[in-house]
Amino acid sequence: MICLGIETTAHTFGVAVIRNKKVLSNVKDSFTTKTGGIIPNKAAEHHVDVCDEVIKKALEEAKVSMKDIELVAFSNAPGLGPCLRIGAVAARSIALQNNIPIIGVNHCIAHLEIGKMLTDAKDPVMLYVSGANTQIIAFEGRRYRIFGETLDIGVGNLLDSFARHIGLGFPGGPKISKLATLSKKYIELPYSVKGMDVSFGGILTNLKQKFDSGKFKEEDLAYSLQETIFAMLLEVAERAMAHCDKNELLLGGGVACSQRLQEMAHQMCKDRGGKCFIPEPQFLIDNAAMIAWLGILEHKHGRRYKLEETQIKPYERTDEVEVLW
Ligand code: FE2
């Protein structure tokens, strides 16, 4: 089955074509600003502007034409309303024009399923870390459950906000990573693990205060920031693995591109006799291949949508999705 997937939950407009498990193309165009941050309506305008071009490129790279597409999948949840709406409209018009089935899928679950499809992970705990999202997800009781999550901002948002505060620009994650390699001096920061959840707001305030005091070097703060927050995330992920009796960890989300997080994740898994799986970066960040793949998976297991059921669900939680596959 050939599926065209469309991803538009946030700043990325992505289109991918996949044939069963083979990714034929995975194209994206992301909304950016010089100062960083997403303005939902501006991002949606960007998606409208690039829509035709990105679809065309995805078909060309896949060496297929629109009439070869047998299923169209789009991210219907969770995300920014104005952005989600553009993907839904594009998917509906493709479904109507070509008289093919349409399917809306959950973005967070798509990150997990593409990771499983591309690696040897069978039943992992996923650490999903991006700008807006920070969740520890695993399959239990016939659903994907959130075992832990951020109580305030996403971890990527923390990195971007601090990077912006110290004048590094956007996106902050890679710039903080680079800066952190210049230091090995740990400065104590708040360590905010609350039960199975994490909180980043206090760390951001504390970091800004430390930086503004002029008493600390920025590379020491960057190093300490990474060491602290990645330890927090892996502590909760490890606890979820122990609780669910699973020995696989899967990373997903843009922050999972961080080399230091990857090293620490591998180390944690090694220490407990588990395995760590990390897809290549194009499948860690927001991408449409994961939307197309989850579309195929759900369609094969009988999920069907009437056109009037394709409304977006900006606030849908991972565990609201009934897992048929
Ligand atoms: Fe994402």
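One-based numbering, in listed order, for ligands and for the atoms of each. Throughout, numbering of the chain's residues begins at 1 and tracks the sequence.
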S.K.: Return yes if a side-chain donor-acceptor contact under 3.5 Å exists between Asp286 and His111, otherwise no.
M.R.: yes

S.K.: If you measure only the distance, is there a donor-acceptor pair under 3.5 Å linking the side chains of Thr9 and His107?
M.R.: yes

S.K.: Examine all N, O or S atoms of Thr9, backbone included, and report whether one is under 2.8 Å from the Fe ion (ligand 1).
M.R.: no

S.K.: May I ask you to check if any N/O/S atom from His111 comes under 2.8 Å of the Fe ion (ligand 1)?
M.R.: yes

S.K.: Are Lys270 and Lys275 side-chain neighbours, meaning at least one heavy-atom pair lies under 4.5 Å?
M.R.: no

S.K.: Give the name of the N/O/S atom in Asp286 that lies closest to the Fe ion (ligand 1).
M.R.: OD1

S.K.: Between Glu113 and Lys116, is there a side-chain N and carboxylate O pair less than 4.0 Å apart?
M.R.: yes

